[in-house]
Amino acid sequence: SANDETSYTLLFIMAAKLFSADEVAKHNKDGDAWVICDGHVLDVSSFAELHPGGKFVLMKHAGKDVSEVFHVYHTKRVLAKYLPRLKIGELEGYEAPVKMHLPGTFGDMVPYGDPSWYSRFNSPYYKDTHREWRAKVRTFCENHIFPTYRSWMNDKRPPKDVVERMGQEGLLAAMVGPPYPSEFLPASVPVPKDYDAFHMLILYDELARCGHSAVLAALTNGPAIALPALLRFGSDELRGRTVQDILLGKKMIALAISEPGAGSDVAGLATTATVEGDSFVLNGCKKWITNGTYSDYFVTAVMTGKPGQQGMSLVLVERGTPGFNVKSVPIRDASLSGTAYLEFDNCRIPRANLIGPLNKGFKLVMYNFNLERCYIATICCRLARVCLEESIRYALKRKTFGKTLSEHPVIRSKIAKMARQVEMLQTWLELIVYQLSTMTHQEANMKIGDVVCLLKAQCSKVYEMCAREATHIFGGNALKVGGMGELIEGATMQVKGYAIPAGAEDIMDDFAARAAFKLAKQFAKL
């Protein structure tokens with residue numbers, strides 16, 4: 001495991017032999033090649049033939065300190081991977097660079113690499129309970145997700161042990177929005193102190209540091225957008241036999257609304273549910289259902305009455321029900337998200353699986369839209385920030401024309417452009433989350449629904465811009481799978497996955513503009 005490897009490395013370092021730079025310099029030929037990297041002395045004699053960049057590149061630096069050039073082309077993860085097998089000692093007299101720690105700060109301190117309240121700004125929104133939660137979530141991510149996710153991000157479902165551990169730590173429950181559903185959890189699951197919408201924002205933000213949309217979709221989509229309807233409006237019997245297992249990660253849930261002929265037009269659904277005695281009989285299909293290939297439960301929108309909003313209902317469909325079939329929808333580099341096509345062919349489910357009142361499903365779908373769009377916006381904002389942070393790190397190392405990229409005005413302009421947009425988006429996001437934390441649900445629906453639509457549209461536009469600018473900063477490294485630009489290479493592909501779900505950009509903009517004209521006619525002194 002990653003922890004075992006770290007422990008082994010630490011023990012090895014403690015017993016390491018010391019070598020002078022002059023001694024290392026003697027080992028500079030084919031078959032006898034040593035290098036120095038960050039104070040570690042590595043014997044790369046047998047590794048030269050296996051070096052991904054070729055033997056010549058490695059031998060050119062034999063006997064030398066390669067720290068600077070190494071970090072231009074490799075991440076720290078590469079050094080950690082090969083250190084246990086190649087290290088033979090340490091450089092005599094080496095002192096690792098010490099960075100100044102500012103009291104009250106959190107994180108790596110890369111400018112704009114974290115929200116401003118992490119490092120230098122006071123904020124009216126965050127309390128000590130939020131700081132404690134932030135520390136807990138980051139520790140969890142760095143211990144249980146980030147070290148391993150690259151090994152399973154192309155799988156067809158997330159690791160069960162990771163999802164269940166998230167459940168045991170109360171992270172899945174924190175995704176459904178206030179109030180925290182402690183009544184559905186065993187006493188062993190810790191409850192965040194004074195839980196509110198900012199705890200949820202912190203959770204999504206910290207998870208999104210992985211930079212990979214499919215990982216995020218696999219770990220968060222069900223609790224964030226499917227479970228709230230069941231949790232808020234399901235019958236006691238229905239919730240009693242489903243919710244706890246979902247919150248603990250033992251079962252997974254998906255939201256099934258979109259159809260081949262109805263995406264943003266939620267009221268145009270065609271899947272029907274006909275009442276027959278104590279059952280609903282479902283016919284129709286759904287498409288683009290995230291987590292669908294491996295979910296156990298499906299919160300499904302169906303037509304039970306007249307066409308349009310007034311005839312929609314929500315029902316819970318369970319995997320394995322006769323007449324219910326699930327097929328995979330291939331999404332490039334996103335098999336982990338489990339996007340699915342669902343078919344209902346005379347699929348009979350108990351009428352007790354109705355969620356909320358009959359023919360009131362549209363209101364139930366709309367109930368969670370503000371939180372769902374803030375969920376998307378939070379992840380988008382952090383993914384844009386990842387592009388910015390990675391660009392700053394890279395620009396300080398990569399050299400062109402005898403200068404680091406950071407010394408070129410055109411690169412500084414790109415960094416500034418990204419920083420402006422990311423910080424404005426974060427500020428807007430926190431302002432809206434504050435409204436969700438202080439308004440009743442009814443008041444929020446009346447006052448901020450149109451503004452949340454604008455936020456949703458803006459977040460994917462900012463992410464798209466940052467992905468594009470970072471691509472130009474990284475150059476060819478932004479095109480390669482893996483390596484220094486791996487998070488940027490993925491970003492250019494992932495943007496589309498945030499521009500469409502929870503309301504496409506153009507739909508969101510149009511809704512907000514129509515609301516503006518409506519409000520102006522009603523209240524403005526024109």
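These figures come from a predicted structure and were not determined experimentally.
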> Y126 ring centre to R131 NZ or CZ under 6.0 Å, with the angle to the axis within 45°?
Replying inline: no
> Partners of Y294 by side-chain hydrogen bond (donor to acceptor under 3.5 Å, both in side chains), sequence neighbours excluded?
Replying inline: N291
> Counting only N and O atoms by type, is there a donor-acceptor contact under 3.5 Å from the side chain of H144 to the main-chain atoms of C141?
Replying inline: no
> Where does the angle between the aromatic ring planes of W152 and Y149 fall among parallel (under 30°), tilted (30 to 60°) and perpendicular (over 60°)?
Replying inline: perpendicular
> Would a distance-only check, ignoring hydrogens and angles, find a side-chain to backbone donor-acceptor pair under 3.5 Å from T300 to F298?
Replying inline: yes
>> Distance check, rounded to the nearest 0.5 Å: M424 atom CE versus L429 atom CG?
In response: 14.0 Å
>> Using a 3.5 Å distance criterion without hydrogens, assess whether the side chain of K456 forms a donor-acceptor pair with backbone atoms of E372.
In response: no
> Taking the six-membered ring of F140, is the NZ or CZ of R138 close enough (under 6.0 Å from the centre) and on axis enough (within 45°)?
Replying inline: no
> Between R239 and L231, is there a donor-acceptor pair closer than 3.5 Å when you use the side chain of the first and the backbone of the second?
Replying inline: yes
Considering only distance and modelled atom types, tabulate donor-acceptor pairs under 3.5 Å from the side chains of residues 509-523, sequence neighbours left out.
residue, atom, partner, partner atom, Å
D510, OD2, R514, NE, 3.0

> Which heavy atom in A229 sits nearest to a heavy atom in V299, and how many Å separate them?
Replying inline: CB-CG1, 4.3 Å
>> Once salt bridge (Lys or Arg N to Asp or Glu O under 4.0 Å) is applied, what residue pairs with a partner in residues 287-304 remain, sequence neighbours excluded?
In response: none
> So which of Q426, R382, R209, R134 actually passes side chain to side chain donor-acceptor pair (under 3.5 Å) with D114?
Replying inline: R382
